[in-house]
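Report on one structure; see the data block that follows.
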2 protein chains.
Amino acid sequence: MIDAIAEDVRKLRLFDGVADTTLRKLLHAAYDQSFPPFVKLVEEGAPADFLHLILEGMVEVYAGARQRESTMAVVRPVSTFILAASVRDAPYLMSARTLQRSRILLIPSADLRAAIASDNHFAMNVVVELAGCYRSMVRHAKNLKLRSTRERIAAYLLRQSRILGNVPGYILPVEKRILASYMGMTPENLSRALKSLAEDGCKIDGQRVIITDRAKFEALADLSPLLDGPDVEASQAGVSLPLPLSDLQRLA
Amino acid sequence: MIDAIAEDVRKLRLFDGVADTTLRKLLHAAYDQSFPPFVKLVEEGAPADFLHLILEGMVEVYAGARQRESTMAVVRPVSTFILAASVRDAPYLMSARTLQRSRILLIPSADLRAAIASDNHFAMNVVVELAGCYRSMVRHAKNLKLRSTRERIAAYLLRQSRILGNVPGYILPVEKRILASYMGMTPENLSRALKSLAEDGCKIDGQRVIITDRAKFEALADLSPLLDGPDVEASQAGVSLPLPLSDLQRLA
DNA sequence: CGAACCCTTGACAGAAATCAACTAAGGTGG
DNA sequence: CCACCTTAGTTGATTTCTGTCAAGGGTTCG
């Protein structure tokens, strides 16, 4: 079992170059489990007993307070989520639920901390991963505070295109209501804003996005590495922007 | 010189229990420098050549885009800022400037990374520190997305009171325009909102805050560890909420 | 076939940004 | 020591934006 997991887990930057003994210690008490869609994996406020790695599927990380709820990230393979709570042995600050059937690897937080303490190389990987998570969250906050809703949406849509190789069209990777929540607006507001983007060079038809006037749309989105991240780093970040890499998302 | 610094630096959780040899390596090429108020220490987009530690004074961490600008944090001694960029050898995502005369310790990022790689204990400290920074930024984002402006303000004001030992009154640690920016609103809006809080149990007179009806005000603020942090953790986080600990801030 | 649920659209109310004017306080230089 | 200047803060009027409520279309799934 460990060997089967190890193969998938090796793809993770977090374990890159880590000694086999460390990996074995991390995996010996780990669970590799498949969950149906819409299952709550993590409850905010609960003690962080496990580090979660998503191997397959899609997970929404969200937070709530006083009836309200907001999507903080959508995580796709292969990456970790809520690493920070695990290493700190602190309560989760965010909840998580599957959006699709998902395969999740659960590593006991105590084992994680032990591995950090004993394996220098692994510790360095955790540092880099955590720093990436932090930078993702900084970008998220910056987006909320420095861009208008139309700009946020345009930046998001153009970013997706760029990640897929500057394709002119693609399919939205997540439901619009989740997108709306992620970007800090209501679904109604997103709907209206998307419609209005037609005059800025981007047409949205259902789940399909078509960039009709790239130059004009780029001017509105005004992508910047400091707000949107270099492509490379985006895929390193554990808790990051939705990363639509599956074939399904390419426009037919 | 190193010994003089080492004494101050030892207060930092980041260096707690770290071997003297590591500390010496970190400090041998470090600068310990005093800056006047309103000096830019860090420019976003620039390569992260140094880890910054604030030993005395007050530093504003902020970000800009397209004319707009937003305060992301106000940092007080003794803590680090922009640790993530340093360990990743990546461009700063945020700028920083002094708000008062401040004493800053600058440690070359390369030395920092070398120390992480060679000293396991230090690496663990960095992991914990970074995780704290991450959690602070998550809380900041959650505040923006889950609370209304009045709630954000009330939570901030009550948090300060709590940090100072549940005092009924105190002096605001930073200018209101910076507070407004930090909380994602205009100064005008903050001004009006502050005034309106009188009917919710908190009177603001200039820089002075007086909680007149604690029960009522607590109900509005609705503090939660998941949004505001436990007192302990707040002071651990490197990039964190403004922490008004100086005597000046206690109400006469 | 019906029941959810997502998305859209419209009408409205509320909140926030903007613009402008004014006050107050602190610092500078005569 | 005072006049002046700069800047933070406040207040008001107005516009723009956003959330809310309500209704209807479309899809999926039992």
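Model, not experiment: these values are computed from the prediction. Proteins get letters first, then strands, A, B, ... in listed order; numbering begins at 1 in each.
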Check step by step if side-chain contact (heavy atoms from CB on, under 4.5 Å) holds for A/Leu157 and A/Leu197.
CA-CA 11 Å; A/Leu157 294 176; A/Leu197 289 180; 3.8 Å; yes
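The pair B/Glu60-B/Lys40 fails the salt-bridge criterion, with no side-chain N (NZ, NE, NH1 or NH2) lying under 4.0 Å from an Asp/Glu carboxylate O. Salt bridge A/Glu218/A/Arg162: absent, no basic N to carboxylate O contact under 4.0 Å. Between A/Arg150 and A/Asp200 there is a salt bridge, since at least one side-chain N of the basic residue sits less than 4.0 Å from a carboxylate O of the acidic one.
Summarising the geometry of B/Asn143 relative to B/Leu227, their closest heavy-atom pair is ND2-O, 2.9 Å, with the distance given to 0.1 Å. Taking every heavy atom of both residues into account, A/Arg66 and B/Ala219 meet most closely at NH2-O, 2.6 Å.
The nearest whole Å value for the distance from the NZ atom in A/Lys176 to the C1' atom in C/dT8 is 9 Å. Following rounding to the nearest Å, A/Ile204 (CD1) and C/dT9 (P) show an atom-to-atom distance of 12 Å. Spacing between atom CE of A/Met183 and atom P of D/dG19 amounts to 12 Å, rounded to whole angstrom units. Atom pair A/Arg177:CZ and C/dC6:P shows a separation of 4 Å (rounding to whole Å applied). Atom pair B/Glu175:CD and D/dT6:P shows a separation of 18 Å (rounding to whole Å applied). When rounded to the nearest whole Å, the span between CG of A/Leu190 and P of C/dC6 equals 14 Å. Atom P of nucleotide D/dT7 and atom CZ of B/Phe38 are separated by 11 Å, given to the nearest angstrom. In this structure, the CD atom of A/Gln207 is 14 Å from the C1' atom of C/dT8, given to the nearest Å.
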Heavy atoms under 4.0 Å is the rule here; annotate nucleotides 10-24 of chain C 5' to 3' with B where the base is hit, S where only the sugar-phosphate is, and - elsewhere.
BB----SSBB-----
Does the protein touch nucleotides 24-30 of chain D at the base, only the backbone, or not at all? Give it as B, S and - per nucleotide, heavy atoms under 4.0 Å.
-------
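Between B/Arg97 and B/Val39, every side-chain heavy-atom pair lies at or beyond the 4.5 Å cut-off. In this structure, the side chains of B/Gln100 and B/Pro36 stay at 4.5 Å or more apart for every pair of heavy atoms.
There is a side-chain donor-acceptor pair under 3.5 Å between B/His140 and A/Lys145.
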